[in-house]
Participant: 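One structure follows; several queries about it will come next.
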Amino acid sequence: MCGRFAQVFDDQGLDRVETILRAMIRVGSDPFRGSYNVAPTQAAVVVEGGEGPGERPRRGSGARFGLVPSWSKGSEDGPLMFNARSETIREKASFRNLVRSRRCVVPVLGFYEWQGVVGEKRKRPWFLSRADGDPMMLGGVCDTWVGSDGSELDSFAIITKRPDSFVGTVHDRMPLILEREAIELWFDREAPDREIDVLLNADPVEGVVSGIRVGSRVSSVVHDDPGLIEESVEGDQGMLFG
DNA sequence: CCAGACGTTGTT
DNA sequence: GTCTGG
DNA sequence: CCAGACGTTGTT
DNA sequence: GTCTGG
């Protein structure tokens with residue numbers, strides 16, 4: 001789960017993201033260009049903590065959604081690792097080192113989930129975002145793969161966990177959502193494991209996420225426009241045998 | 001020591 | 001790269 | 001994550 | 001059904 005999200009902000013939203021993360025998303029002549037429909041293998045902006053304790057986060061950009069471990073033989077071998085389970089992230093070879101040294105934040109407008117409904121062929125897409133209207137900060141891990149020609153590929157995976165009671169009605173997993181107060185700790189590379197574990201293992205806070213049903217166009221990655229996050233119950237046949 | 005693996009979904 | 005298994 | 005495609009032989 | 005592409 002959490003295999004699709006919207007990462008696009010207006011000026012006010014960008015200001016808010018930069019305030020919360022204390023990081024630059026817009027850099028000089030390279031303005032932030034988002035997408036309403038980021039899928040695995042596509043690029044998105046991620047933000048990492050600074051190199052040393054107390055250093056400000058820096059901007060990340062062009063990271064591939066779908067982790068490519070630094071030790072991969074090729075950039076395309078292996079399955080798509082776009083999620084990492086919080087319950088097992090410290091055990092898995094692909095993630096256990098990254099959760100200590102390469103934690104990152106993915107600022108998004110919201111994420112999509114597809115709800116399976118008995119008797120319906122197509123799953124229903126939902127757009128889930130913060131009830132308070134703030135941008136949503138997703139916890140992730142990133143890595144850098146270096147090709148034989150020296151070219152670098154940054155990539156990331158989003159951490160998932162048990163859903164809160166609302167998201168649980170749509171899907172059985174949801175992304176790790178970091179509150180403002182947790183950001184500095186998340187970015188601190190010197191943070192003790194047990195403090196990070198608190199963030200990884202905390203029960204989701206009820207009421208943080210709200211959601212709307214959206215149209216089926218989001219299901220195809222070729223679509224990328226504001227209409228994707230507008231409420232829609234198109235094609236809902238209701239109770240056929242009610 | 002070397003060789004080999006290293007992952008998540010969802011669905012059944 | 002780093003850990004596990006033999 | 002979902003959508004969409006899904007092949008072989010031999011020969012050039 | 002299973003794999004690839006975005």
Side-chain angles (χ1 to χ4, degrees), chain A residues 1-8 33-44 62-102 106 108-129 136 138-148 152-163 167-176 193 200 209 211 213-225 228-229 232 234-235:
Chain A
M1 84 102 293
C2 203
R4 210 75 77 85
F5 57 84
Q7 187 181 53
V8 57
R33 290 277 175 265
S35 167
Y36 286 93
N37 201 356
V38 180
T41 72
Q42 296 182 337
R64 177 193 196 257
F65 182 27
L67 192 84
V68 179
S70 58
W71 41 262
S72 289
K73 290 185 177 63
S75 63
E76 297 298 327
D77 69 346
L80 275 172
M81 294 187 280
F82 54 90
N83 286 155
R85 295 175 69 91
S86 64
E87 299 91 337
T88 56
I89 195 169
R90 290 207 184 274
E91 302 159 17
K92 302 295 184 180
S94 297
F95 303 130
R96 59 190 168 209
N97 299 311
L98 302 180
V99 75
R100 294 188 67 251
S101 60
R102 299 293 307 268
V106 190
V108 303
L109 196 57
F111 61 96
Y112 300 99
E113 293 287 8
W114 280 261
Q115 177 185 40
V117 178
V118 175
E120 288 186 22
K121 192 168 189 176
R122 296 281 180 185
K123 289 192 241 182
R124 296 175 172 181
W126 287 72
F127 180 66
L128 300 151
S129 58
M136 186 179 267
L138 305 183
V141 290
C142 56
D143 205 351
T144 304
W145 179 84
V146 182
S148 54
E152 294 189 351
L153 175 68
D154 290 318
S155 63
F156 69 99
I158 292 172
I159 298 170
T160 67
K161 63 190 305 175
R162 200 205 101 202
V167 179
T169 64
V170 175
H171 201 73
D172 65 350
R173 303 289 293 171
M174 70 177 230
L176 171 63
D193 287 354
L200 290 172
V209 182
R213 279 183 61 191
V214 294
S216 59
R217 291 169 59 250
V218 71
S219 296
S220 174
V221 296
V222 304
H223 297 124
D224 174 16
D225 59 79
L228 300 187
I229 60 170
S232 167
E234 60 160 42

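Chain letters run A, B, ... following the sequence lines, proteins first and then strands; every chain starts at 1.
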Participant: Can you see whether A:Ser155 engages A:Trp145 through a side-chain donor-acceptor pair at a distance of less than 3.5 angstrom?
Facilitator: no
Participant: Could you tell me how far apart A:Asn37 (CG) and D:dC1 (P) are, to the nearest whole angstrom?
Facilitator: 15 Å
Participant: Heavy atoms from C-beta onward define the side chain here; which of D:dC1, B:dC6, B:dT9 lies closest to that of A:Pro40?
Facilitator: D:dC1
Participant: Scan A:Leu67 against the nucleic acid and name what it touches under 4.0 Å (heavy atoms): base, sugar-phosphate only, or nothing.
Facilitator: nothing
Participant: Could you tell me how far E:dG5 sits from D:dG7 if I compare only their P atoms? Round to whole Å.
Facilitator: 12 Å
Participant: If you check the A:Lys123 side chain, which of B:dC6, B:dT8, D:dC2 turns out closest?
Facilitator: D:dC2
Participant: What's the gap between E:dC3 and D:dT9 when it is taken at their C1' atoms, as a whole Å value?
Facilitator: 23 Å
Participant: With the six-membered base ring of D:dC2 as reference, does the ring of A:Trp114 sit under 5.5 Å away with planes under 30° apart?
Facilitator: no
Participant: For the side chain of A:Thr41, counting heavy atoms from C-beta on, which of E:dG6, D:dC2, B:dC6 is nearest?
Facilitator: E:dG6
Participant: Of the listed nucleotides (B:dT9, D:dC1, B:dT8), which one gets closest to any side-chain atom of A:Thr160?
Facilitator: B:dT9
Participant: Quick check for you: among D:dC1, B:dT9, B:dT8, whose closest atom lies nearest to any side-chain atom of A:Lys92?
Facilitator: B:dT8
Participant: Can you tell me which nucleotide in D:dC2, B:dT9, B:dT8 comes closest to the side chain of A:Thr88?
Facilitator: B:dT8
Participant: Parallel, tilted or perpendicular: which describes the rings of A:Phe156 and A:Phe5, with under 30° parallel and over 60° perpendicular?
Facilitator: tilted
Participant: Tell me: OH of A:Tyr112 to P of D:dA3, nearest whole Å?
Facilitator: 14 Å
Participant: What is the distance from atom CZ of A:Phe127 to atom OG of A:Ser232, rounded to the nearest 0.5 Å?
Facilitator: 14.0 Å
Participant: I need the CZ-P distance between A:Arg122 and D:dG4, as an integer number of Å.
Facilitator: 7 Å
Participant: Mind checking if A:Ser70 touches a base, just sugar-phosphate, or nothing, with heavy atoms under 4.0 Å?
Facilitator: nothing
Participant: Using OP1 and OP2 only, check whether a side-chain N or O of A:Arg173 sits under 4.0 Å from B:dT9.
Facilitator: yes
Participant: If you pin A:Arg85 and A:Arg96 to their nearest nucleotides in DNA chain B, which one's is more 5'?
Facilitator: A:Arg96
Participant: To the nearest 0.5 Å, what is the distance between CG (A:Leu109) and CG (A:Leu228)?
Facilitator: 11.5 Å
Participant: In whole Å, what separates the P atom of D:dT11 from that of B:dA3?
Facilitator: 40 Å
Participant: Find the distance between OG (A:Ser70) and CG (A:Leu98) and round it off to the nearest 0.5 Å.
Facilitator: 7.0 Å
Participant: So, taking the atom named OG in A:Ser219 and the one named CZ in A:Arg122, what distance separates them when rounded to the nearest 0.5 Å?
Facilitator: 7.5 Å
Participant: Without decimals, in angstroms, what is the distance between A:Trp145 CH2 and C:dG1 P?
Facilitator: 14 Å
Participant: Backbone N or O of A:Val218 within a donor-acceptor pair of the A:Asn37 side chain at under 3.5 Å?
Facilitator: yes
Participant: Tell me the interatomic distance from A:Gln115, atom CD, to D:dC2, atom P, rounded to whole angstroms.
Facilitator: 12 Å
Participant: In whole angstrom, what separates A:Phe82's CZ from E:dG5's P?
Facilitator: 16 Å
Participant: Looking only at atom C1', what distance separates B:dA5 and E:dG6, rounded to whole Å?
Facilitator: 28 Å
Participant: What pair of heavy atoms forms the shortest contact from A:Arg4 to A:Phe65, and how long is it?
Facilitator: N-CE2, 4.3 Å
Participant: Using a 3.5 Å limit for the pairing distances, which stems of at least 3 consecutive Watson-Crick or G-U wobble pairs does DNA chain D take part in?
Facilitator: D:1-6 with E:1-6
Participant: Which pair of heavy atoms, one from A:Val146 and one from A:Glu152, lies closest together, and at what distance?
Facilitator: CG2-CG, 4.1 Å
Participant: What is the separation between atom CZ on A:Arg4 and atom P on B:dT9, rounded to the nearest whole Å?
Facilitator: 16 Å
Participant: Among D:dC1, D:dC2, B:dT9, which nucleotide has an atom closest to any side-chain atom of A:Ser219?
Facilitator: D:dC2
Participant: Just the rounded figure in Å: distance from C1' of D:dC2 to NZ of A:Lys121.
Facilitator: 14 Å
Participant: Closest to the A:Asn97 side chain: C:dT2, E:dG6, B:dT9?
Facilitator: C:dT2
